[in-house]
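Before any comments, here is the structure.
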Amino acid sequence: MAHVLIVGIGGFIGSVLRHWLSGIGQRWVQDAFPAGTLLVNALGCFAVGAFWGLVEYREWFSPETRIFATVGIFGGFTTFSAFGYETFALLHDREYLPALVNVGANVVGSIAAVMLGWMAAKAFAV
């Protein structure tokens with residue numbers, strides 16, 4: 001139960017940061033391009049890479065802190081950071097085909113899922 005609370009608090013922090021930074025990024029460009037989302041995804045990927053680099057090379061952070069940061073804060077901030085880290089880990093381990101499949105399945109699959117959800121809602125609403 002303690003891990004759920006740790007993740008929830010971290011998720012709250014990450015979600016608030018995402019909302020705030022995404023708005024700042026979008027105001028910078030004042031355009032239809034989703035620059036706020038791009039900013040959040042890039043920052044989240046950088047942060048999770050730096051965090052796990054410190055875990056791996058310096059053995060910093062307790063297991064509870066790792067859960068708080070990765071699942072909570074980074075997960076609330078952007079799940080794209082998990083996608084970026086997992087793809088990087090596959091590339092780092094020279095698992096090139098699984099990395100490519102991961103990218104394709106996540107990007108194309110997610111867009112297809114949005115389209116299918118939209119179509120289902122439209123069919124239900126009519």
Side-chain angles (χ1 to χ4, degrees):
M1 185 62 175
H3 284 160
V4 172
L5 186 58
I6 290 169
V7 168
I9 293 168
F12 172 79
I13 293 167
S15 294
V16 170
L17 287 171
R18 177 183 66 231
H19 175 72
W20 181 64
L21 286 172
S22 180
I24 289 171
Q26 200 58 46
R27 283 189 296 277
W28 281 347
V29 297
Q30 298 178 352
D31 196 345
F33 182 80
T37 301
L38 177 60
L39 173 67
V40 165
N41 286 340
L43 286 173
C45 287
F46 176 82
V48 80
F51 182 84
W52 279 109
L54 291 173
V55 168
E56 184 172 339
Y57 297 114
R58 300 284 186 184
E59 298 180 8
W60 287 4
F61 310 113
S62 68
E64 291 78 15
T65 302
R66 293 175 191 178
I67 290 170
F68 173 72
T70 57
V71 180
I73 295 175
F74 298 137
F77 190 65
T78 173
T79 56
F80 200 80
S81 60
F83 164 73
Y85 174 74
E86 290 164 351
T87 304
F88 170 76
L90 289 169
L91 292 169
H92 184 264
D93 293 341
R94 293 189 167 99
E95 296 287 341
Y96 301 115
L97 183 57
L100 182 62
V101 169
N102 188 47
V103 169
N106 272 282
V107 173
V108 175
S110 294
I111 294 168
V114 169
M115 182 182 72
L116 290 171
W118 181 84
M119 290 169 41
K122 182 179 178 183
F124 181 75
V126 174

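Sequence positions, counted from 1, serve as the residue numbers for this chain. For clarity, every value in this text was computed on a predicted model and none was experimentally measured.
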Taking atom CG of Leu90 and atom NE2 of His92, what is their separation to the nearest 0.5 Å? 11.5 Å
I'd like to check the side chain to side chain donor-acceptor pair (under 3.5 Å) partners of Ser81; sequence neighbours left out, ordered by chain and number. none
Joint cluster assignment, Ile24 & Val40, ILVMFWY side-chain distance < 4.5 Å: yes
Straight-line distance of Phe88 CZ to Trp52 CH2, nearest 0.5 Å: 13.0 Å
Would you check if Phe33 and Leu38 make a side-chain contact, meaning some heavy-atom pair closer than 4.5 Å? yes
With sequence neighbours excluded, what pairs up with Phe46 under the ring pair (Phe, Tyr, Trp, His ring centres under 6.0 Å) test? none
Can you check whether Phe77 reaches Leu43 side chain to side chain, under 4.5 Å on heavy atoms? yes
Side-chain contact test, heavy atoms from C-beta onward, threshold under 4.5 Å: evaluate it for Val55 versus Trp60 and give yes or no. no
Throw together a table of side-chain donor-acceptor distances under 3.5 angstrom for residues 111-126, partners on residues two or more places apart or in other chains.
none

Tabulate below the donor-acceptor pairs under 3.5 Å that side-chain atoms of residues 63-75 make, not counting sequence neighbours, or state none.
| residue | atom | partner | partner atom | Å |
| --- | --- | --- | --- | --- |
| Thr65 | OG1 | Ser62 | OG | 3.0 |
| Arg66 | NE | Phe61 | O | 3.1 |
| Arg66 | NH2 | Phe61 | O | 3.3 |
| Thr70 | OG1 | Arg66 | O | 2.6 |

Name every donor-acceptor pair, under 3.5 Å, that has one atom in a side chain of residues 12-23 and the other anywhere in the protein, sequence neighbours excluded.
| residue | atom | partner | partner atom | Å |
| --- | --- | --- | --- | --- |
| Ser15 | OG | Gly11 | O | 2.9 |
| Arg18 | NH1 | Gly76 | O | 2.3 |

For Gly25 against Ala35, the heavy-atom pair lying closest together: O-CB, 3.9 Å
Give the cluster check for Tyr85 versus Leu91: same hydrophobic cluster or not, with ILVMFWY residues linked at side-chain heavy-atom distances below 4.5 Å. no
Hits for side chain to side chain donor-acceptor pair (under 3.5 Å) against Thr87, two or more places apart or cross-chain, chain-then-number order -> Asn102
